[in-house]
Amino acid sequence: CLSSLVPCCRVFFSSHLISVAMADTMKAPPMQRTYSDPDLPQLIPLANRPSSSYEPRPKVKEASQFTKEIMKTMAEKLGINFETHPEFNWVIRDCLLALRDEGWTCSVRNGDLEYVYKHKDQTRPYHPIAAAHQQLAERLTHAQEELKKKHLDPYFRVRHNVYLAIMGEKDVRRVCTPQLCEDVMKDLDVSASDEPYLIRRVKTSIEDAYFRYKRSGRFQTTIETCIDVETLVVNLELDRVGFMKKISPSGLLYCVECQTALGDVISAGCHDVLCNQCAVETHSTGNRQDSPLVFIEQAVCAECTTKAALVRCQDCVELFCYDCFRQTHSAGKRRRHCVGLPQRTFCFECDSREASYICMQCEDALCSRCSANIHRAGSRQNHTLFGLRKAAYSKRLFADNLDRLMGILQRNVERSYALSPWYIFYNQALSPSWYNFISHHMVLADPNNLASPPLEEDDEGEAIPINADEQVLRGLPGATILKDTHVAQLTAQGACFDVPPSQHVKFRT
C-alpha cells in the first residue's frame, strides 16, 4: 500500500507545483479605479547633489578675448576714444563678437583693420556690421553730449534725481531721504541754515512726485514729467514772501531798490522783492534775464495806508485793516455792511487748492475736497462751516465771528514757516529717525511720539528749549523775537519793511 501511495503523491504535488507556476506567470488584469481614486503621479527622484566640497564644480565659461591692438584699432574704426568714453567699450566688443559669429576675423595690417573670412581666406577693408556699430557709436556719443548739457541745468538735475528715487519703490517712506532733499535744495539755491522754513516744501514736493508716479504708472512717468520743478520754484518764492510778511511789522513788502513802491514781483534768482519798474530795469539785461519773476499779491488799508488789509467791505468797496474796520464800522448803518476777505486763502490741509470753507470748531480754512473728507463722519458733521467763495458775508449771517475769523487766520500764519531743522525720515527698515539739516546728524525717534523733535543740548549737557517763551522764562541768551533771529535778518535783506514817510510838497505862489 505504501508503495502504491508514493507515486500518487508525487503526481499530485507535481501537478500542484505546475498550477502555481502558471498562476505566477499569468498577470492579473489591472483593477479599474474610480474617479474618487485617481492614479497618482510617480515621484521624480531628486538629482544627486554633491555631499562635500571636494566634488568637482562646473567650470566657468570663459568669454572670448581679443588683443589690445585689435581693440584699439577697432575703436579708431568706430570713432570711439578709450580715454574719453570708456563706457562704450561694450560697443567695440559687441562688433567683434558679431563679426566672429558670421565667420569673420579681424587683423591689423600696416595700422589698418582688415576683415578676413576664415572659410575662403577672403579679405576686405569694409564690413556692414562694423558700419552699423559705427552709427551706433555716433548716436551714443551724441546722446551723451546732450545729456551732459542737460545736467548743466539745475532743474533737470532735480528731475533726474527725483526720477531715480521714485522709480521701482513701493513705499513713500523709502523715497524721500536726507541726501535727496539736500541735493534738491542745493540745485534750487535753498540753504538749510538760512532758510529752514523751506525744507518742508521740498520734502512734501518729493513725496507728491511719488504719489503722482503711482497714479500715472511707470510707463507714463518720464524724467520730464516726474516732478513739476517750475511749480516748486514758484511755491518756494511764495513761501519766502509769506515769511517776509510774517516778520514785517505792517505786513507789507516794499521794493528793495526804490524803497517807496509796493513790491509787485519777487525774483527767483536773487530773491528780492521789486516793483514793476525796478524789475524791468534790473532784469532786462545780463544773466538776470533768465531768472523767473513771481507775482505777489498785496492789499493796503485804504484808511491808514500803512498796514496790510485784512477785510474787504462789499458796500464801501474798500479794503481795511482790522483796526480801521472795527473803528469805522462800529456804529451806524455801517454795522450792517457785508464783509469778505481781500485775498485768496489756500487750504490749510493740502496747501495746493484755494480754500472754500472755514470751520469754526477746527479753526481751519479748507478746500471742498478736504472739507468733505474731514467732516463726513463723526461729530465733525455738526461743525459750523462758512463759505469763503461767496462774494460777501452778511453781518446777520456772520454775526460776531469776524474776530474769530481773523484769529484763525493769524494763528495759521504763526504756526506756518517753522524754523526747526529737525525732520522725520525713514531708513530701509522703515524705522523713524530725526535728521538735523544743520548739524547733519540723525537721532532715532520714538515711534509713539513723532511730533516733538529732540531738544538741542548746550555745552553743559542741558537741553535748550526750542520755544521762545521757555527761553525767556529760563533767561537763556537767544532770539526770543522772530524778527531778531538769524533767519529773519537774512530774509529781510530781500525786501523793505519800513513804511516810507509821506512827502509834503509846497508850491510857491
Side-chain angles (χ1 to χ4, degrees), residues 158 161-162 165-166 172-212 226-247 266 268 271 294 296 345-355 364-367 370 409-427 432-443 445 449-456 466-468 482 485-488 490-491 494:
V158 172
N161 293 334
V162 173
I166 66 177
V172 68
R173 290 174 291 183
R174 292 193 182 97
V175 171
C176 191
T177 60
Q179 184 62 36
L180 178 60
C181 291
E182 290 178 350
D183 293 341
V184 173
M185 291 165 57
K186 181 180 179 181
D187 292 331
L188 296 182
D189 193 19
V190 177
S191 176
S193 59
D194 299 335
E195 297 170 324
Y197 55 90
L198 299 180
I199 302 177
R200 184 177 301 276
R201 175 70 66 177
V202 175
K203 187 174 183 293
T204 54
S205 299
I206 297 174
E207 294 173 351
D208 291 343
Y210 172 78
F211 292 117
R212 188 184 300 111
C226 63
I227 184 173
D228 193 355
V229 185
E230 288 76 10
T231 303
L232 175 58
V233 171
V234 172
N235 290 331
L236 290 175
E237 297 303 326
L238 293 179
D239 288 345
R240 288 188 175 97
V241 171
F243 185 75
M244 291 180 186
K245 289 183 179 180
K246 182 179 179 180
I247 63 178
I266 181 173
H271 314 304
V294 180
I296 59 178
T345 303
F346 289 90
C347 178
F348 292 178
E349 188 71 20
C350 63
D351 200 22
S352 60
R353 290 180 292 270
E354 184 180 356
D364 288 333
L366 305 171
C367 62
C370 295
L409 298 178
Q410 185 63 28
R411 282 191 293 271
N412 176 67
V413 172
E414 293 177 357
R415 289 197 304 264
S416 59
Y417 312 115
L419 301 183
S420 175
W422 294 95
Y423 286 89
I424 284 287
F425 289 95
Y426 295 85
N427 55 12
S433 301
W434 287 99
Y435 180 77
N436 192 315
F437 279 89
I438 297 179
S439 60
H440 303 287
H441 70 274
M442 187 171 289
V443 180
N449 184 17
L450 299 180
S452 301
L455 298 178
E456 299 180 1
I466 298 178
N467 297 332
L482 181 61
T485 60
H486 167 72
V487 177
L490 188 66
T491 307

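Note that the structure is predicted; figures quoted are calculated from it, not measured. FYI, the numbering just counts along the sequence from 1. For the numbers below, each heavy atom of this structure counts, side chains included, while hydrogens, waters and symmetry mates do not.
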Quick check: do Phe437 and Cys181 have side-chain heavy atoms less than 4.5 Å from each other?
yes
Min side-chain heavy-atom separation Val162-Val229 under 4.5 Å
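Sidechains of Val229 and Val162: no contact.
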Describe, in one word, how the ring planes of Tyr197 and Phe243 are oriented to each other, choosing from parallel (under 30°), tilted (30 to 60°) and perpendicular (over 60°).
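Aromatic pair Tyr197/Phe243 classed parallel.
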Applying side chain to side chain contact (heavy atoms under 4.5 Å, CB included), can you list everything that pairs with [X], at least two apart in sequence or on another chain?
X	result
Ala268	Val233, Glu237, Pro292
Val172	Glu207, Tyr210, Phe211
Val443	Trp422, His441
Thr177	Gln179, Leu180

When you measure from the centre of the six-membered ring of Phe425, is the NZ or CZ of Lys203 closer than 6.0 Å and no more than 45° off the axis?
yes
Pairing residues for [X] by the side-chain hydrogen bond (donor to acceptor under 3.5 Å, both in side chains) criterion, not counting sequence neighbours:
X	value
Ser193	Ser191
Asp187	Arg157
Asn427	none
Ser452	none

Partner residues of Tyr426 under the ring-ring contact (aromatic ring centres under 6.0 Å, His included) criterion, sequence neighbours left out:
none
Show every salt bridge (charged side-chain N to carboxylate O under 4.0 Å, His left out) that has at least one partner inside residues 188-202, sequence neighbours left out.
Glu195-Arg240, Arg201-Asp239, Arg201-Asp351
